[in-house]
Each structure stands twice: as structure tokens, then as C-alpha cells.
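These notes are about the structure you will find just below.
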Amino acid sequence: MRKLRLAAFAMTTAFILPAAAPLLAQEATAFAQTDATDPYLWLEEVEGERALAWVEAQNTASLGTLQGDPRYQPLHDAALAILESRDRIPAPGFLNSGLISNFWQDATNVRGVWRRTTLDSYRTEAPQWETVLDVDALARAEGKNWVYRGANCLAPEERLCLVSLSDGGKDAVTIREFDTVTRSFVEGGFELAESKGGASWIDANTLLISRDFGEGSLTTSGYPMIVKRLRRGQTIDQAETIYTGQTSDTLVGASTLRDADGVVQAVLINRAFSLFESETHLLNADGTTTRLQLPAKSDISALVQGQLVVSLKQDWTAPSGQSFQTGDVIAWTLKDWLADQSVQARLIIRPGDREAVEAISATRNTLVVALFENVRGGVYVYRPNPSGDWARTRLALPENVTVGVGSASDRDDQVFVSAAGYLTPSTLYLADAGTGALAAVKSLPAKFDAQGLTVQQFEARSADGTMIPYFVVHRETAPMDGSNPTLLYGYGGFEISQLPGYSAPMGKLWLERGGVYVVANTRGGGEFGPRWHEAARQENRQRAHEDFQAVALDLIARGITSPRRLGVMGGSQGGLFMGAMLTQRPDLINAAVIQVPLFDMLRFHRLLAGASWISEYGNPDIPEERAWIAAYSPYQNLRAGQPYPQVFIHTSTKDDRVHPGHARKAAARMQELGYDVLFYENTDGGHGAAANLRETARRLALEYTYLTRRLMD
């Protein structure tokens, strides 16, 4: 598929319980308000001897408790059987050769194999796969815990690829040139040492690279600040610098804009000066750069039939004088726009208040868009007319489901799309975006017993009156007397939507055993477009916490559950969500699974990639912004004498995105205050907390054993 841009990284309440106001910063003790008052800074030493000894002791105690429960092993075995089953849908990717590629993991291929087959073979029940790269065999041969992070192949032939390999699941990767014909790494080919960053092809002998080039080459967020042009045969030191950003930037990267034939139409430099704001520069033939006149909050989404498609994340008056709105998708004829950026743009999509564009892809001649209304999706095909206007048709997919747009072909207008729901296993379709023809290719068999289960969508009224949608999956016969063990999931940040989907492990390990599953679509996410995210950013972050609390209150008011039977779960930003729930409304819950969390929000910007999230949360070094953050930062707001339930916190030693110190310090502080904490740290896994399927099965079994003990017993 065409490479377009380097990404900066991938529901009324009838009854209200008494509110427990969040602890204000000035009411708190001086605990960890400064480095000098934080007794657990030593836990931030990721590989420190003292810290690892503490981790080992915690793991021994927690695994002894959870793995010693007689229900652990059956849950583990059920999870592993699902994860390693061979009747999953192999995610397909179109190759320009007409072949289909896939990366696959199972019981035999724990780390996975990169493989390919023909489209005709893929559509059969038993495709005949050819292995391109066996990651398990590579790891054994090289004595490394390799985790495959994808391949960037040179269009249009796609013979030469840049394969990214992570040691243990870290974000930082080693990049090595691979020949898909000989199915081997190229001797003396391009090889880039471990680093965060990226690499893009210009041609067979030239790369654009953004890496750690040594002292002074990284931003304060720990990402590349410099883009270089590397020619075959050169060392990294010999590569030519073509752009340098500023240390205060989030990251700087480069990509090529190619047409459907793989011809480079533009080389772009992207300078992200915050997580959500960036500049795009055109690399000119003479090596100079020209800044393109695009709004800071926008994304280049596709190039189709010579039309450059851009998604807007802010209101904008274009150089042409035209006014556009947040969420609009617009287009220019690329050639005309590069010559004169004041030319008129065409409006393709203007979502309504309860609509959001979730995905955009391009076939050879069309734009394929996943458009959601009230968190329910449809797939639309847009095609430019000779007049410049765009015609729209809808693919005949099932209603009231989550839809996904997968790989699209550059050779023709074929595209893979999917449909799924909480109780409906995924079905993969092959669509012809040109004609609208649609054929089911593969369907996932049911992985848990959904008989008697139903899905409902409700709304909760948040503290400021905003209605927050949420989904509830439960048995039709479930009594509305507050007795149902209920797991409430939330994320609430970075414009990431929580859409309905089929989770076989959750269904098998929770729903099938009588649990209720709830997903909150709070502000901070992208369910209703960029404005829904903006409403809970920076000084408004507490709104997202109040939204999540409102959903919990609504569940209790409806009799779906009760504080005794309600547990919450979330990871990363969602882990921060769980920490805020714990410190602000512990009276509402009896369990919290806190996964790879942010927790010390007064130091988040000093740990690993944390500085890149200042645009989401604010800057703790600025007194006014520090006050917003201190009011909800879970680490500082933990205190004695509260009705905190036993919590389960887990992280990964090799997480080089969210520092494991957040989770470690949270557990240590709670234990100091006398609370019961289960803490587990996987030594591998990166931010996903698992480097392979077996580690994932262990994590799932630990989580659901804990939830069983807290909510079902």
C-alpha cells in the first residue's frame, strides 16, 4: 500500500450515589510533589538491582496468589487455545504482485511467520502459504527474543523490504533490508541499529531515515529530531542531513507520497511539534524544503486519481479563503496545489455532530471510508467525478456493527472490509469499490457461547450534562437487582475510539461465565470526531474521568450492577483512567485492573516518551497546568483510610513507551498506605505487556482470575 505520512506513532441517571469530590492538590499532603518528597524514585531505575529485586518479590507473591487459585489454569488453557487456534482469520494485505501477505502466530509459530499466497488460494478454506520469514527460526539462530514489527517494501516491485524487529517488544526497533525473492536478509544491505524512528524508501539505493544519530539528535520526548538521506554503501555517519527539527518537538520523520503505480509524487518531511500539531515540508529537488500550507491539526489521508485527500482536526480558513470545519475531509488536485496552494479545495465529507470518520483508505481509483454514527459504522466509497465533485455510495454491509477498512489494492479497486459486533464474530469481505460488489471471504467461528446474550446501548449524564454513550453486553435474563458481576472498560484519550468488537478471550473468560461487559465511550476518545477528543484535553481532562464515573453510576442506578460487583479495567491512558477512578470514586468499585498505566502525572513528561503527551495532558513544569494535573494525578492523590479495593496492577520491564516506574510506584505507595495490591511485571512484552501468545494467555488468565475472585465470589 502507498505510504502517505509518518504517523506520530498505531450514555439519564435515575439515582445518584453521594458524590465523593476529587482530592484537590492543596488538600493533599506533600507526598511526591517534588523529587525530594518522592521516596520511590529508585523504582524508576528500570534495570536497577534494587528495583528488580522488588519486582521479583512482588511477582512471587502475586503469581502465588493468582496462579494458586484453582480457576487460573482452566482460564489460562482456554485463553491459550483461543490465541493459538488456527481457525482465526489471517489478516490479508494486498501486494502489488497480486499476492496476499499475512503475519501469523500460533502454537507452533509463537513469534510468528511472515507469509504469502495468491488471492484465489487465500479465498479457499485451506490457503497454500509460502513462508517469507520465520521469526521463530530467526530468533533461535541469532539468540534474540525478536518481535516482528512489520515490513516497508519498495513499490512497485516490493521485492526489497525494510523489516523492523524489536528485542522483546520494545518500541525501539532494528531495521534490516530483506529480499522477498531470495527470502533472506541482503548481505551488506541497509541495516539500522536499534532506535525509535523510521525509514522510508526513495528508490532502491536511497532511504530517508530518522533515528538516534547520537548526542543532540533526539527530542525531549526521546524521538528523532533529524532526517537524513542514506545512500547504499554509505555509513550512517556519511548520510546527508536534510532536515533538523527542535528538541522541543515531539518527533521529526519523512515519507514518500506515491501514486497507485508506485511513482513518487512528493517527498515529505513531517515535523510534529506536539502530538496533535505538525508541519509538513516538501523536499525539493535541490535539497531545500518548502513548508506546505496545511493547518497544524490535519492529516494527509490518501492520494487517489491525483487528488490529495486531507482530514482536518480543526476549523480552518484555507489560503483560497474557503472556510472548513473540524472533521471535514477535503481534496485538491495535487499537481495544481503544489504549484499554487491558494487553489480551491473540494469538500468530500462533513460529518454530523454524532458522526466520525474512523478510517480512510484508497484503492486505485476510489476513496474508502469507515464512517460511524452514534458508534455504529458503515463503509462508504467516494469517487472523484470529472467535474471535481465526489460521488458517494455505501457498501451493503450488515447494519449496527463495527466496520473496518483493511488492505486496499493499488492494482485495481479491490479492498478488504470487515464487520463484527460484541456477539458477532468477524466476517471478512472482499469488496470491489468500483462496482460495489461484495463477497464474504472468511468468517470467524464463534469462540464462546453467546446464546441468551444481548447488547444494549445506553447513555449516562455526565457532571456537566453531556450525554455519554456506553454499551452493555449481558444475559437477557440477568436480574436488574445489582447482583451481576460487571467489568467496565474505558480509555478516554488521544482521540482513540472504543468501538464494538468481538473479543473471544473476554467472551470465553467472562461473558460465558456469567459476567457483564461494559464499554464507555467517554470524551477524550474519537467516537464523535476531533471535538469529542478536544472536550477532555488538558485543563478539561477531569471531564473524561467524570464521564467514566457517570457510566458507573448509571449502571448502578439501572440495577445492572452494584459497587460490590463492579470492576474496572484500562491500560496505558486507560490505566490513568483507572487510577483516577480509584482515587476519586473508590466507593463505586470492588476491583480495578490497571494495565501498563500512567500514574505519576507530575513526572510523566520526564519518563521515556512522556514529553510527547504534554499536548494531551498539559505541562507539569508550568504552575497553572501543574495545578490541573495535580488535582487528579493518582500517585499524589493516594491516601490512607479510603475504601480502595484490592487492585491488580501490571506492567512490562521492556515497556519503552509508558515507563514501568508508574506502575511500580503506584503499587509501592498503596502498600505503604496499608492496602492490598497484586502487582505483576512481565520482563518482556513492551507496551503490549506480552512478547508472544503464551505471555498474552498468562496475562489474560491472571486478569480474569483476579476479577473472578473480586466480583464473582
Side-chain angles (χ1 to χ4, degrees), residues 11-24 458-464 466-472 474 478 480-492 498 510 515-524 536 541-570 574-595 597 599 631-632 634 637-649 666 670 673 675-677 703 706-707 709-713:
M11 299 175 215
T12 55
T13 303
F15 170 72
I16 299 294
L17 297 180
L23 182 66
L24 299 177
F458 298 112
E459 290 187 334
R461 187 180 300 279
S462 193
D464 65 357
T466 301
M467 302 307 294
I468 309 302
Y470 68 94
F471 288 98
V472 182
H474 64 91
M480 295 296 108
D481 60 1
S483 64
N484 300 296
T486 301
L487 177 58
L488 169 59
Y489 184 87
Y491 184 79
Q498 301 303 301
W510 189 248
V516 174
Y517 185 63
V518 182
V519 175
N521 301 119
T522 67
R523 285 173 289 185
R541 169 59 44 183
Q542 180 61 20
R543 289 178 178 170
H545 302 152
E546 291 167 353
D547 293 352
F548 194 67
Q549 294 160 21
V551 173
L553 288 164
D554 204 54
L555 289 167
I556 294 165
R558 293 179 186 274
I560 293 171
T561 193
S562 61
R564 166 66 182 85
R565 299 294 179 186
L566 178 60
V568 293
M569 176 189 282
L576 170 61
F577 236 30
M578 301 309 109
M581 186 70 167
L582 179 70
T583 54
Q584 296 180 19
R585 294 307 306 265
D587 55 310
L588 298 182
I589 59 174
N590 196 38
V593 178
I594 304 174
Q595 308 161 315
F599 223 84
Y632 68 76
N637 282 310
L638 289 167
R639 51 180 176 154
Q642 301 303 301
Y644 300 153
Q646 179 194 62
V647 299
F648 178 35
I649 303 172
M670 291 190 71
L673 293 172
Y675 297 107
D676 186 9
V677 178
E703 290 175 340
Y706 161 79
L707 290 168
R709 293 164 63 92
R710 298 297 304 171
L711 305 180
M712 289 184 170
D713 286 355

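Atoms CG and OG1, from Leu488 and Thr561 in turn, are 9.5 Å apart once rounded to the nearest 0.5 Å. Distance check, rounded to the nearest 0.5 Å: CG of Asp587 to CD of Gln642 gives 9.5 Å. We find the CZ-CD distance between Arg543 and Glu546 to be 8.5 Å, quoted to the nearest 0.5 Å.
Judged by distance alone, the side chain of Asp481 and the main-chain N or O of Gly559 form no donor-acceptor pair under 3.5 Å. Not a single donor-acceptor pair under 3.5 Å links the side chain of Arg523 to the backbone N or O of Ala544. Checking side-chain atoms of Asn590 against main-chain N and O of Arg710 turns up a donor-acceptor pair under 3.5 Å. At distances below 3.5 Å, at least one donor-acceptor pair connects side-chain atoms of Tyr706 with backbone N or O atoms of Ala592.
Here the side chains of Trp510 and Met712 are in contact, with some heavy-atom distance below 4.5 Å. Inter-residue side-chain proximity for Arg585 and Leu553 is flagged as met; some heavy-atom pair is nearer than 4.5 Å. Annotation: side chain of Val551 is not in contact with side chain of Asn521 (no heavy-atom distance under 4.5 Å). Within the 4.5 Å cutoff, the side chain of Pro645 has heavy atoms near those of the Ile589 side chain. For the pair Pro563 and Ile556, the minimum side-chain heavy-atom distance is below 4.5 Å. Put simply, the side chain of Leu638 reaches to within 4.5 Å of the side chain of Phe599, judged on heavy atoms. In this structure, the side chains of Met569 and Gln595 come closer than 4.5 Å at one or more pairs of heavy atoms. Phe648 is not listed as a side-chain neighbour of Leu707, based on a closest heavy-atom distance of 4.5 Å or more.
In the model, Asn484 has no side-chain atom that pairs as donor or acceptor with a side-chain atom of Thr486 under 3.5 Å.
Residues meeting the side chain to side chain contact (heavy atoms under 4.5 Å, CB included) test with Asp676, sequence neighbours left out: Gln646. For Ala580, the side chain to side chain contact (heavy atoms under 4.5 Å, CB included) partners at least two apart in sequence or on another chain are His545, Gln584.
Between Ser462 and Ala550, the shortest heavy-atom distance links the atoms CA-CB, 3.8 Å. Of all the heavy atoms in Asp713 and Arg564, the pair that sits closest is O-NH2, 2.7 Å. Heavy-atom minimum distance, Gly575 versus Ile594: O-CG2, 3.8 Å. Shown here for Pro586 and Tyr644, the closest heavy-atom pair between the two residues is CB-CD2, 3.7 Å. The heavy-atom pair separating Gly482 from Arg565 by the smallest distance is O-CG, 3.9 Å.
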Practice task
Applying side chain to side chain contact (heavy atoms under 4.5 Å, CB included), run through Val647 and Tyr675 and close with a yes or a no.
Solution key: CA-CA 9 Å; Val647 299; Tyr675 297 107; over 6 Å; no
Practice task
Would you please test Tyr489 and Tyr517 for side chain to side chain contact (heavy atoms under 4.5 Å, CB included) and show each step?
Solution key: CA-CA 8 Å; Tyr489 184 87; Tyr517 185 63; 3.7 Å; yes
Exercise for the section: Could you walk me through whether Phe548 and Leu588 pass side chain to side chain contact (heavy atoms under 4.5 Å, CB included), step by step? Expected result: CA-CA 11 Å; Phe548 194 67; Leu588 298 182; over 6 Å; no
Practice task
Begin from the C-alpha positions of Tyr632 and Thr583 and carry the test side chain to side chain contact (heavy atoms under 4.5 Å, CB included) through to its verdict.
Solution key: CA-CA 8 Å; Tyr632 68 76; Thr583 54; over 6 Å; no
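Of the residues Val516, Leu566, Asp554, the one that meets the side-chain contact (heavy atoms from CB on, under 4.5 Å) test with Ile560 is Val516.
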